[in-house]
Every structure is written in C-alpha cells, then in structure tokens.
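The basis for the numbers below is simple: all heavy atoms, side chains too, and nothing from hydrogens, waters or symmetry mates. Along the sequence shown, residues carry numbers from 1.
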Amino acid sequence: MANEFEIHYHCERLILRFLDLLEADQAAVADLFASDGEAFGLVGRDAIREHFAAIEKVDHNVNLNLCTNLLVNVQNDDRATATHYLCHYVSDPITNLSDPMGGQVQGETSVPRSITRWSWSFERVDGQWLISNMAHPDSVLLRGEVLDDLRASKSGA
C-alpha cells in the first residue's frame with residue numbers, strides 16, 4: 001500500500017478545503033468531487049455546483065464551521081473513508097462595527113446552530129484524491145429555536 005500518512009493528509013485537506021469553501025465560495029466545492037461524485041443524493045459536479053450555488057444566493061449569514069474528531073480510514077491505495085463532527089455557527093452579519101484593534105466584527109454567536117456527524121468517501125482518480133461521496137450529515141444536536149422551527153413546520157403552524 002502507498003504511504004498511509006500521505007493518503008490521510010490528502011483526505012484531511014479535501015475536508016478542510018470543503019469547509020473553507022462553505023464559508024466563502026460554496027459552489028466551488030463541486031471541484032473537489034470526482035466527476036461522478038455524490039453529495040446529498042446529487043450526482044455529478046454540475047448538480048453539486050448548482051445545489052451549493054443556490055444556497056449561496058440566499059444565505060447571507062456569517063457561517064463558521066468547526067471540525068473535530070476527524071478519523072480517516074484508508075481502505076487501499078485508491079480509496080479511503082472519513083468521519084468527523086462539525087459545529088456550525090451562524091450569525092446575521094454586522095456592518096460598520098470593529099473590535100478594539102480595528103478588525104471588522106462579522107457577527108454575533110453564543111452557541112452553534114447544529115452539531116452533526118459527517119461521513120465521506122474518497123477515491124484517487126488519475127493520481128488526484130477527490131471526494132466520491134459525501135453523505136447527508138447525521139443530525140446530532142440542533143439549537144432549541146431551530147428545533148422549534150422544525151416542530152412548527154411539521155405541525156403546520
């Protein structure tokens with residue numbers, strides 16, 4: 001088998017790049033996927049790009065993703081899987097406010113909106129590691145008002 005540490009590194013970098021793009025250029029996450037890659041049941045880069053571009057058009061919040069407990073499992077020279085937990089913080093943007101050092105204040109948050117478990121599959125295609133599948137995150141914990149909104153939408157209120 002190829003250097004297992006190198007495979008770990010490439011898979012970890014893909015996840016970190018994906019999370020970075022979620023905070024800045026969501027549609028660009030499609031470029032991290034294999035041409036027939038899957039995310040949330042969507043197949044192929046074009047479908048993935050369209051999905052994330054639609055989110056980006058309507059989501060003007062400040063989003064921050066904190067990843068922890070990342071575990072990469074190397075299956076062979078060309079395949080690996082991974083899981084991790086993600087704390088997703090969301091805030092309405094704040095404009096024209098700076099901290100005491102002059103830095104721009106982006107938003108306000110006290111607790112994460114959600115804590116979820118993410119599952120990934122990776123494959124090496126023509127020597128390049130890409131995401132082959134990103135399962136829909138398993139909901140673990142949601143903030144109270146998020147749950148209240150879900151309950152209200154299910155009851156038709």
Side-chain angles (χ1 to χ4, degrees), residues 2-95 103-109 111-143 145-147 149-150 153:
N3 184 339
E4 193 168 337
F5 292 108
E6 184 178 325
I7 296 171
H8 274 256
Y9 172 80
H10 288 291
C11 295
E12 290 170 1
R13 297 306 305 165
L14 278 168
I15 291 171
L16 293 174
R17 182 72 182 130
F18 181 94
L19 296 175
D20 283 344
L21 289 170
L22 278 187
E23 294 176 16
D25 185 11
Q26 293 186 25
V29 301
D31 297 328
L32 304 176
F33 284 81
S35 60
D36 62 347
E38 296 182 39
F40 309 133
L42 304 166
V43 179
R45 287 186 189 130
D46 290 340
I48 294 168
R49 187 178 320 283
E50 185 177 314
H51 170 77
F52 282 101
I55 293 171
E56 191 171 13
K57 283 181 184 175
V58 298
D59 183 6
H60 302 292
N61 293 315
V62 176
N63 291 282
L64 177 72
N65 299 297
L66 176 64
C67 176
T68 186
N69 294 34
L70 176 57
L71 176 64
V72 176
N73 293 304
V74 177
Q75 296 173 332
N76 59 44
D77 286 351
D78 298 315
R79 300 215 180 275
T81 60
T83 59
H84 67 87
Y85 289 90
L86 184 98
C87 296
H88 179 204
Y89 292 85
V90 180
S91 174
D92 290 331
I94 297 174
T95 57
Q104 181 70 33
V105 175
Q106 296 296 314
E108 175 185 344
T109 186
V111 296
R113 179 180 195 274
S114 63
I115 301 173
T116 52
R117 182 177 180 269
W118 290 39
S119 299
W120 306 80
S121 296
F122 306 95
E123 64 180 307
R124 187 178 357 219
V125 178
D126 296 328
Q128 179 182 10
W129 281 95
L130 297 167
I131 301 166
S132 58
N133 184 285
M134 186 187 101
H136 197 281
D138 300 327
S139 292
V140 177
L141 297 171
L142 294 175
R143 198 167 62 204
E145 63 267 21
V146 174
L147 285 172
D149 288 347
L150 288 172
S153 68

Quiz item: With a 4.5 Å heavy-atom cut-off, do D77 and R124 have their side chains touching?
Solution: yes
Quiz prompt | Minimum-distance pair of heavy atoms, taken over all atoms of T81 and S121 | solution = CG2-OG, 4.0 Å
Quiz prompt | Test side-chain contact (heavy atoms from CB on, under 4.5 Å) applied to F33 and N133, V43, I131, the passing residue | solution = I131
Quiz item: What is the distance from atom CD1 of I55 to atom CZ of F52, rounded to the nearest 0.5 Å?
Solution: 5.5 Å
Exercise. Show the numbers, then the answer: is there a side chain to side chain contact (heavy atoms under 4.5 Å, CB included) between R45 and L130?
Key: CA-CA 11 Å; R45 287 186 189 130; L130 297 167; 3.9 Å; yes
Quiz prompt | Partner set under salt bridge (charged side-chain N to carboxylate O under 4.0 Å, His left out) for R79, not counting sequence neighbours | solution = E123
Practice problem: Quick one: closest heavy-atom pair of I48 and G37, and the distance? | Solution: CD1-O, 3.7 Å
Exercise. Could I get the full list of ring pair (Phe, Tyr, Trp, His ring centres under 6.0 Å) partners for H51, not counting sequence neighbours?
Key: F40
Exercise. Using a cut-off of 6.0 Å, state whether more than 12 heavy atoms not belonging to R113 lie near its atom CZ.
Key: no
Quiz item: Between OG1 of T83 and CG of L70, what distance do you get to the nearest 0.5 Å?
Solution: 7.5 Å
Quiz prompt | Distance in Å, F18 CZ paired with E23 CD, rounded so as to fall on 0.5 Å steps | solution = 11.5 Å
Practice problem: With rounding to the nearest 0.5 Å, note down the distance linking CG in L71 to SG in C11. | Solution: 11.5 Å
Exercise. Check ring pair (Phe, Tyr, Trp, His ring centres under 6.0 Å) between Y9 and all other residues, then give those that pass, not counting sequence neighbours.
Key: none
Self-check item: D78 CG to S132 OG distance, which is reported to the nearest 0.5 Å
Solution: 11.5 Å
Exercise. For a side-chain contact (heavy atoms from CB on, under 4.5 Å) with F122, tell me which candidate from V72, I15, I7, V74 qualifies.
Key: I15
Self-check item: side chain to side chain contact (heavy atoms under 4.5 Å, CB included) assessment of N69 paired with H84
Solution: CA-CA 5 Å; N69 294 34; H84 67 87; 5.7 Å; no
Quiz prompt | salt bridge (charged side-chain N to carboxylate O under 4.0 Å, His left out) partners of R117, counting only residues at least two apart | solution = D138
Exercise. Quick one: pull up CG in L86 and CG in L64 and give me the separation to the nearest 0.5 Å.
Key: 9.0 Å
Practice problem: Using the test salt bridge (charged side-chain N to carboxylate O under 4.0 Å, His left out), find all partners of D20 that sit at least two apart in sequence or belong to another chain. | Solution: none
Self-check item: Sequence-distant partners of D31, salt bridge (charged side-chain N to carboxylate O under 4.0 Å, His left out), two or more places apart
Solution: R49
Practice problem: Take atom CD of E50 as the centre, draw a 6.0 Å sphere, and report whether it contains more than 12 heavy atoms from other residues, nucleotides or ligands. | Solution: no
